[in-house]
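Below you'll find the structure, written out as structure tokens, and then a few comments.
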Amino acid sequence: MQTEASEALTYLSKEPDVGALRNAYDQTVTELESYFDQCRNAYDDRRNFWPGKSRDLRKHGADAFPWEGASDMEAHVIEERISRLVSLLVSSLKRANVRAFPTEGTDAERAKIVSSFLKWMVSSGYIPRFMREMELGANYLLERGILITYVGWIIEDRRIIQKLNLDQIVQAVPEIGTLMDEGDDEAVIDRLKAAYDGVTDKRGKKALKDLRKSGYAELPTIRRSIDAPDVKTLSPDGDFFFPSYVTDPQRSPYCFWRSYYTPQELENKILTDDWDEDFVQNVIQRYSGVNQDSIENEQGIRRNDGLRESTYEANDLVEIIHCFQRLIDPDDGAEGIYRTIFHRELGSSADSQYAKFELMNGYDDYPVIVTRLAEDSKRLYDTNTVPDLLRGIQNQVKVERDSRIDRNSLVTLPPIMHPVNQAPQDWGPGRYIPRRRKDDYEFADVPDAAGLEGSIEMEKTQLDQADRLMGLDEDSEISKIKKQFLVDKFLEHSAEVMRMCFTCFQRFGPDYIFFRVTGVPDPQEFSKGDPNENFDISISYDSINTDPDTQEAKLKQLVDLVKLDRNGRINVDNLLIAYASSIDPILADVILQKSETAAEDVQKDILDDLSKIFAGIEMPARPNGGGAAMPIIQNYMQQPDIAQRMQQDQSFGQRMQKYMQQYTFQEQQQVNATQFGIYGTEAASVGEVQTQDLEGQS
């Protein structure tokens, strides 16, 4: 039989059981302690933090080995490889091709503009801090093994005090001028309170007084400041928590998002998001202030190793918990995603135990996208991280470097042998050292140099192994596959983020929006359409493309294929787009235009040239577009009046012939590049049928 707490976490009721949610939160955090420890160790290993580390990178104290002041150097094996992979992932996202594919045949045309809209959402900043959040996510994925991204829609109004003149106020309250003339002060104040949210009797009286005195008044106005997607990368060990047993995040019965607000933000939530006012005032008064440890991880260890002090009080922050639940309506069995906003320490004695309880209408799943670094086990939190894989290698590299430094220290100044109780007072070049016998003072034997080569070789072997583990071994084919696998995983996560952003726009955004596409001067209007329409969002990028030589060779091979294309199977326009995009995708958007637009522009340019030639001005051929120019010129010359003038006006005829010959020469040069350059002559043919490669094609 289900317990009362279990029922509260399963079935929908009019009021949430905040006590059961607090207990579930505490239990979740406690059971994730082992994962938090794993993340803390990963954080320290990546940044080369260890107990007893000193600023001079020397060992001190009773436990110093092999001696006091021995080398204690840093070895950034983990950081170097994580940084390289983060750069690869973020660069791949910036240069990737974003496409929306229709799930139904009727959506094919709309899919094109959806693709443009998705690119604009990212490049224009309509999704605030998108690249910054994705870079943070790449770091979390590699360092902590889990990437969690929250996607929502934020509509935030901001109340500001604005100085308004009487004309501006009359536009909002037309009758206020008449009421002021009549001296009905109470009616004026009532109208101001009704028109401007937040006006009290005191502020209304002051505003009326200022209006009569100077014609201006200071009144609170609400302005829409944000109406856009809300994308946040959440720390898996400090911001967002699933129960420890979860295998599929979207099947979890509940999950928690811990966030922090300033008092100003909380006050604003009362007006813009219908948060309970008593709850907000209570948590501001009683629970303001969190320490930095608790922001990073729930059970944070206070570190004070002499190099950093990582605990301080953020007195102006208030910790708030968002609980997302899958609840079943006991009346009809319908399932929904619900959110409860509460504070984990606010007791049951409080008048208002939660800020808000709502059905997240428009969401079929939890508003988070979760990706693991490696799918090598079922449980979400049972995952490896890059620091876990490279910790042993980094420690071994550190040992080898420390040993070489200590060896060099011994060689530079070996231990000094001296008679008992007669240690030299000073030592160095030009010093006077008293002695009785020749061997009273001497250097101890130093290690020979034979071990240095073995240490260097050992370190190189360890670093090569680290590169192989991370897929950063440039000479290995399997490393290229590993890099592409990691890039695909990150881009698939980013594609899901963009798909959810688009879904939120359809369900919560404005009815239409204007956006600009690079290279198109006029903004395009985009309507959100049917909120239930679906597109497959794809973000693709080949990690091999980061090598310019490889990319150039691939594109050259594709261009060479055009010479073998006898049936027009290769779309040259698309090849041109791919070629230009590989050089610079931003410039490609600027210089490339649609084929229809290009044809219209060529036709306009040719007609303009022909008009000038007719007027007596000699014009050269355009640098491209010869294939489209020749039919226009031929049709122009076949007109009776033009043909007649060419016969009568020798200069006009010469200008026309020269203009046409330049275009003919352009076409011949293209044929030379594709055919004559291969065969030395025209391709063999019977009539219009080519027989040059017929034997090879059979």
Side-chain angles (χ1 to χ4, degrees), residues 9 16-33 35-36 39-40 43 133 136 140 144 148-150 152 154 156 230 232-244 254-303 309-325 338-358 360 366-368:
L9 298 175
D17 188 339
V18 178
L21 296 180
R22 285 200 301 268
N23 292 335
Y25 175 82
D26 292 338
Q27 181 180 355
T28 298
V29 168
T30 301
E31 293 176 349
L32 290 178
E33 178 60 26
Y35 175 72
F36 296 157
C39 291
R40 281 193 289 270
Y43 182 93
E133 296 295 332
L136 180 61
Y140 282 161
R144 308 183 189 185
I148 302 176
T149 303
Y150 167 83
I154 182 169
E156 251 186 28
D230 185 23
K232 289 184 174 67
T233 294
L234 306 178
S235 168
D237 63 326
D239 293 332
F240 207 92
F241 314 113
F242 292 94
S244 60
Y254 50 81
C255 49
F256 301 95
W257 175 20
R258 183 176 56 174
S259 186
Y260 298 89
Y261 296 85
T262 64
Q264 295 89 336
E265 290 174 328
L266 291 175
E267 292 280 2
N268 193 46
K269 288 292 185 181
I270 298 174
L271 295 174
T272 62
D273 209 13
D274 296 327
W275 283 26
D276 185 85
E277 184 174 2
D278 292 336
F279 172 87
V280 169
Q281 298 299 333
N282 203 347
V283 295
I284 290 176
Q285 294 174 9
R286 297 174 57 184
Y287 300 109
S288 291
V290 295
N291 63 63
Q292 190 256 357
D293 258 344
S294 64
I295 294 177
E296 277 303 315
N297 28 54
E298 178 66 25
Q299 306 293 334
I301 299 174
R302 291 174 177 263
R303 298 184 178 93
E309 172 59 68
S310 65
T311 57
Y312 58 85
E313 293 296 325
N315 295 322
D316 295 330
L317 291 181
V318 180
E319 179 185 20
I320 297 295
I321 307 298
H322 299 250
C323 177
F324 302 96
Q325 294 177 269
Y338 291 82
R339 174 169 61 177
T340 306
I341 304 172
F342 65 97
H343 191 280
R344 60 173 174 167
E345 296 182 14
L346 190 61
S348 58
S349 59
D351 295 335
S352 299
Q353 298 184 49
Y354 59 92
K356 191 175 185 180
F357 175 63
E358 63 174 344
M360 298 191 68
Y366 293 129
V368 291

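The distance between the ring centers of Tyr35 and Phe241 does not fall below 6.0 angstrom.
With rounding to the nearest 0.5 angstrom, the NZ atom of Lys232 is 12.5 Å from the CG atom of Leu136. Atom OG1 of residue Thr340 and atom CZ of residue Phe357 lie 5.0 Å apart, to the nearest 0.5 angstrom. In this structure, OG1 in Thr233 is found 8.0 Å from OH in Tyr140, a value given to the nearest 0.5 Å. Note that CZ of Phe324 and CZ of Arg339 are 5.5 Å apart. Values are rounded to the nearest 0.5 Å. Rounding to the nearest 0.5 angstrom, the gap separating the NE2 atom in His322 from the NZ atom in Lys356 is 10.5 Å. Within the model, atoms OH of Tyr150 and CZ of Phe240 stand 9.5 Å from one another, a figure rounded to the nearest 0.5 Å.
Put simply, the side chain of Leu346 reaches to within 4.5 Å of the side chain of Arg286, judged on heavy atoms. Looking at Thr28 and Tyr254, their side chains come closer than 4.5 Å, going by heavy atoms from C-beta outward. You'll find the side chain of Gln325 reaches within 4.5 Å of the side chain of Leu21, heavy atoms only. Using a 4.5 Å cut-off on side-chain heavy atoms (C-beta onward), Arg22 and His343 make no contact. Side-chain atoms of Asp237 and Arg40, non-hydrogen and from C-beta on, never get closer than 4.5 Å to each other. Inter-residue side-chain proximity for Arg344 and Phe256 is flagged as unmet; no heavy-atom pair is nearer than 4.5 Å. Using a 4.5 Å cut-off on side-chain heavy atoms (C-beta onward), Phe279 and Ile320 make contact. Val283 has its side chain out of reach of Tyr261: every pair of non-hydrogen atoms, C-beta onward, lies at least 4.5 Å apart.
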Steps toward side chain to side chain donor-acceptor pair (under 3.5 Å) verdict (Gln27, Glu31): CA-CA 6 Å; Gln27 181 180 355; Glu31 293 176 349; 3.1 Å; yes
Which is it for Val368 and Thr149 under the side chain to side chain contact (heavy atoms under 4.5 Å, CB included) test, yes or no, and what are the steps along the way? CA-CA 5 Å; Val368 291; Thr149 303; over 6 Å; no
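In plain terms, the two heavy atoms of Asp26 and Thr30 that are nearest each other are O-OG1, 2.8 Å. Taking both residues in full, the closest heavy atoms of Pro236 and Phe36 are given as O-CE2, 4.3 Å, listed atom of the first, atom of the second, then distance. Across Arg258 and Tyr25, no two heavy atoms sit closer than the pair CD-OH, 3.6 Å.
With hydrogens and angles ignored, the 3.5 Å screen pairs no side-chain donor or acceptor of Asp273 with any backbone N or O of Lys269.
For Asp278, there are no side chain to side chain donor-acceptor pair (under 3.5 Å) partners, not counting sequence neighbours.
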